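For reference, the structure discussed in these notes is given below.
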Amino acid sequence: MNMSQDDSFFNKVFQVCKQIPKGKVTSYGAIAKAIGSPQSARMVGWAMNKSFSFEESIPAHRVVNRIGMLSGKKAFGNPNLMQQLLEQESIPVKDDQVQDFEKYFWDPIMLDF
DNA sequence: CACTTGACGTCGT
DNA sequence: GACGACGCCAAGT
């Protein structure tokens, strides 16, 4: 099956993730809602974990849960890497939580999927 | 093939 | 407002 033209859940998730502006973050639920599956937020997170298997550079570090916590930091190999990447984009992180989450939050719903 | 796990979110207490 | 339970869907065991 051809993944390049795959309109499946995963592909949509990856497309959204790649379009997250630098210095911004979003939540799994927001992505799920944006692609039309608001109740499949878990699948978004699961897709992110699998995203490392894809050659495409998915900025998975820009995706956190609804409260801005770095719930998936462990998937980066080094648990501190996710926070490092966020701070690298001028996103303040403290205690595995994005500070001023609302301020840096980017809603993918505007992509009008 | 049935059960458990998981980078979540919403609702009820 | 913190904590627990349930629902969601796919993959791993």
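Proteins get letters first, then strands, A, B, ... in listed order; numbering begins at 1 in each. This is a predicted model, so every value here is computed, not measured.
The CD atom of Q97(A) sits 15 Å away from the C1' atom of dA7(B) (whole-angstrom rounding). The nearest whole Å value for the distance from the NZ atom in K12(A) to the P atom in dC9(C) is 14 Å. If you measure from atom CE of M69(A) to atom P of dG9(B), you get 11 Å, rounded to the nearest angstrom. Following rounding to the nearest Å, F101(A) (CZ) and dC8(B) (C1') show an atom-to-atom distance of 12 Å. In this structure, CZ of F105(A) is placed 13 Å from C1' of dC8(B), rounded to the nearest angstrom. The interatomic distance linking R66(A) (CZ) with dG9(B) (C1') rounds to 6 Å, in whole Å. For the pair N65(A) CG and dC8(C) C1', the interatomic distance rounds to 17 Å; values are reported in whole Å. Y28(A) places its OH atom 9 Å from the P atom of dA7(B), with the value rounded to the nearest Å.
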request  = Take F10(A) and W46(A), measure what ring-ring contact (aromatic ring centres under 6.0 Å, His included) needs, and give me the verdict at the end.
outcome  = CA-CA 9 Å; F10(A) 285 67; W46(A) 176 75; 4.7 Å; yes

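In summary, the side chains of H61(A) and Q88(A) do not present any donor paired with an acceptor at a separation below 3.5 Å, with no hydrogens or angles considered.
Within the 4.5 Å cutoff, the side chain of Q97(A) has no heavy atoms near those of the V64(A) side chain. By the 4.5 Å heavy-atom criterion applied to side chains, I31(A) and T26(A) are counted as neighbours.
A pairwise comparison of heavy atoms in N65(A) and F101(A) identifies O-CZ, 3.8 Å as the closest pair. Contact detail for E87(A) and V93(A): the closest heavy-atom pair is OE2-O, 3.5 Å. The shortest heavy-atom contact between A60(A) and S51(A) is CB-OG, 4.3 Å.
In this structure, the side chain of Y28(A) does not engage the main chain of R42(A) through any donor-acceptor pair within 3.5 Å.
Using a 30° and 60° split on the angle between ring planes, F76(A) and F52(A) fall in the perpendicular class, above 60°.
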query = In dot-bracket, 5' to 3', how would DNA chain C read with Watson-Crick or G-U wobble pairs under 3.5 Å, [ ] for crossing ones and | for pairs to another strand?
reply = .||||||.|||||

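In this structure, S27(A) does not reach the dC8(B) phosphate: none of its side-chain N or O atoms is under 4.0 Å from OP1 or OP2.
Contacts between residues 37-53 of chain A and DNA chain B, defined by a heavy-atom separation below 4.0 Å, involve A41(A), R42(A), M43(A), G45(A), M48(A), N49(A), F52(A), listed by number.
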